[in-house]
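Keep in mind that the numbers below use all heavy atoms, side chains included, and drop hydrogens, waters and symmetry copies.
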Amino acid sequence: RYRELLAVSDTPTAMTEPVTVSLTVALVGMVKAGKSSLVNALLGEERAGVDVVPLTSDVTSYEMKSGDLPTLRLLDTPGYGVSGPSERELHAAFHAAKDADLLVLVTPARTAARKADVEFVAKLTAAFVAEPGLRMPPRVVALSHIDLLTPAAEWQPPYDWLHGTRVKEVTMRDAVAAAQEQLGEGPIVPVCTAPERTFNVHDELLATVAAHVDAARGTAVLRLFQNEGSTGRARRVLEQLARTGREALGAVWQSVKSR
């Protein structure tokens, strides 16, 4: 049923009535980096109703709402190739980014060189600089396909990639460090979005997203995914966001990461 919900026509639909959006996240990255898989990982369990709206021929909006909570909106942009973004791909990403509260750059963990990603970020930044009235949203990097890291045959989550000593944990940490060196400052979260292997999406990635927007929106998006069995970093961030103003969000996230 979920795949049917996500079946998107190539033809843009008519204008739909506006909805109250709690948080808008634009997903960007190379072809086959895992953007669509991340959408599936976030929404695939159908915790709430999902509406799919083609905004343009290039950008698709996935809107998720549960009860009286505000809406989470994911903007999926076309992927670019190893030679970097084309003018059309850059235009589509800019169109999505200017309406977004946050960018999530999806990049594979096993990619040795990220020239295309670096070029994309530089060109997108330049596009915003050329529009003084616009501000580029903050960026979070989702390091995908971590299940394929050495040892590839091993997959026994949970993993403590920050402090753990298992081989898989060490290779995750090394992959994050390599991506940090190539992409510069900003949070990087290792994730697995493969079916039946989803890891670190509904806890650390969502917590990182929540920590990089204002407290009201951060709390709303975490509550959207909260369930009776939720534990870990997302729950801790949720509890702290309820008591914390926007100015303290950075300190909250740093304290959560260190635990």
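- No single ILVMFWY cluster, assembled from side-chain heavy atoms under 4.5 Å apart, contains both Val31 and Val106.
- No donor-acceptor pair closer than 3.5 Å links the side chain of Arg73 to the backbone N or O of Glu63.
- In terms of heavy atoms, Pro85 sits closest to Tyr80 at CA-CB, 3.5 Å.
- With hydrogens and angles ignored, the 3.5 Å screen pairs a side-chain donor or acceptor of Arg173 with a backbone N or O of Gly164.
- Atoms CG and OG1, from Asn40 and Thr198 in turn, are 9.0 Å apart once rounded to the nearest 0.5 Å.
- Rounded to the nearest 0.5 angstrom, Leu42 CG and Leu27 CG are separated by 7.5 Å.
- The closest donor-acceptor contact from the side chain of His202 to the backbone of Ala41 lies under 3.5 Å.
- In this structure, Val82 is a member of the same hydrophobic cluster as Val118, with clusters built from ILVMFWY side-chain heavy atoms closer than 4.5 Å.
- For Glu89, the salt bridge (Lys or Arg N to Asp or Glu O under 4.0 Å) criterion is met by no residue, not counting sequence neighbours.
- Summarising the geometry of Thr77 relative to Ala96, their closest heavy-atom pair is CG2-CB, 3.6 Å, with the distance given to 0.1 Å.
- Shown here are the side-chain hydrogen bond (donor to acceptor under 3.5 Å, both in side chains) partners of Gln180, two or more places apart in sequence or in another chain: there are none.
- Asn200 places a side-chain N or O within donor-acceptor distance of the main-chain N or O of Pro190, the cut-off being under 3.5 Å.
- Leu102 CG to Leu75 CG: the interatomic distance, rounded to the nearest 0.5 Å, is 11.0 Å.
- In this structure a side-chain-to-backbone donor-acceptor pair under 3.5 Å is present from Ser144 to Ala33.
- Scanning for side-chain contact (heavy atoms from CB on, under 4.5 Å) contacts around Ala127 gives Phe94, with sequence neighbours left out.
- Applying the salt bridge (Lys or Arg N to Asp or Glu O under 4.0 Å) criterion to Glu119, with sequence neighbours excluded, gives Lys123.
- One hydrophobic cluster, built from ILVMFWY side chains closer than 4.5 Å, cannot hold both Val167 and Met172; they sit in different ones.
- Here OG of Ser37 is found 11.5 Å from NZ of Lys32. Values are rounded to the nearest 0.5 Å.
- Lys168 meets the salt bridge (Lys or Arg N to Asp or Glu O under 4.0 Å) test with no other residue; sequence neighbours excluded.
- Judged as a side-chain contact (heavy atoms from CB on, under 4.5 Å), and not counting sequence neighbours, the contacts of Arg114 are Thr107, Thr111, Asp117, Leu143, Ala179, Gln182, Leu183.
- With values rounded to the nearest 0.5 angstrom, Leu74 atom CG is found 11.5 Å from Thr60 atom OG1.
- Separation of atoms NZ (Lys98) and OG1 (Thr24) is listed at 14.0 Å; rounding is to 0.5 Å.
- Gly84 and Ala116 make their closest contact through N-CB, 3.9 Å (heavy atoms, listed as atom of the first residue, atom of the second, distance).
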side-chain contact (heavy atoms from CB on, under 4.5 Å) between Val140 and Val25, intermediate numbers included: CA-CA 10 Å; Val140 170; Val25 177; over 6 Å; no

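- The side-chain hydrogen bond (donor to acceptor under 3.5 Å, both in side chains) test applied to Thr125 returns no partner, not counting sequence neighbours.
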What pairs of donor and acceptor atoms, side-chain ones from residues 148-159 against any protein atom, are under 3.5 angstrom apart with sequence neighbours left out?
unit_1: Glu154; atom_1: OE2; unit_2: Tyr159; atom_2: OH; d: 3.1
unit_1: Tyr159; atom_1: OH; unit_2: Gln156; atom_2: N; d: 2.5

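- The side-chain contact (heavy atoms from CB on, under 4.5 Å) check on Ala178 picks up nothing, with sequence neighbours excluded.
- Under the side-chain hydrogen bond (donor to acceptor under 3.5 Å, both in side chains) criterion, Arg110 pairs with no residue at all, not counting sequence neighbours.
- Here the rule is side chain to side chain contact (heavy atoms under 4.5 Å, CB included) with Val121, and of Val141, Leu103, Leu105 only Leu105 fits it.
- Clustering ILVMFWY residues whenever any of their side-chain heavy atoms sit less than 4.5 angstrom apart, transitively, puts Val170 in a cluster other than the one holding Ile188.
- Remark: Ala93 pairs with Val28, Phe120 by the side-chain contact (heavy atoms from CB on, under 4.5 Å) rule, at least two apart or across chains.
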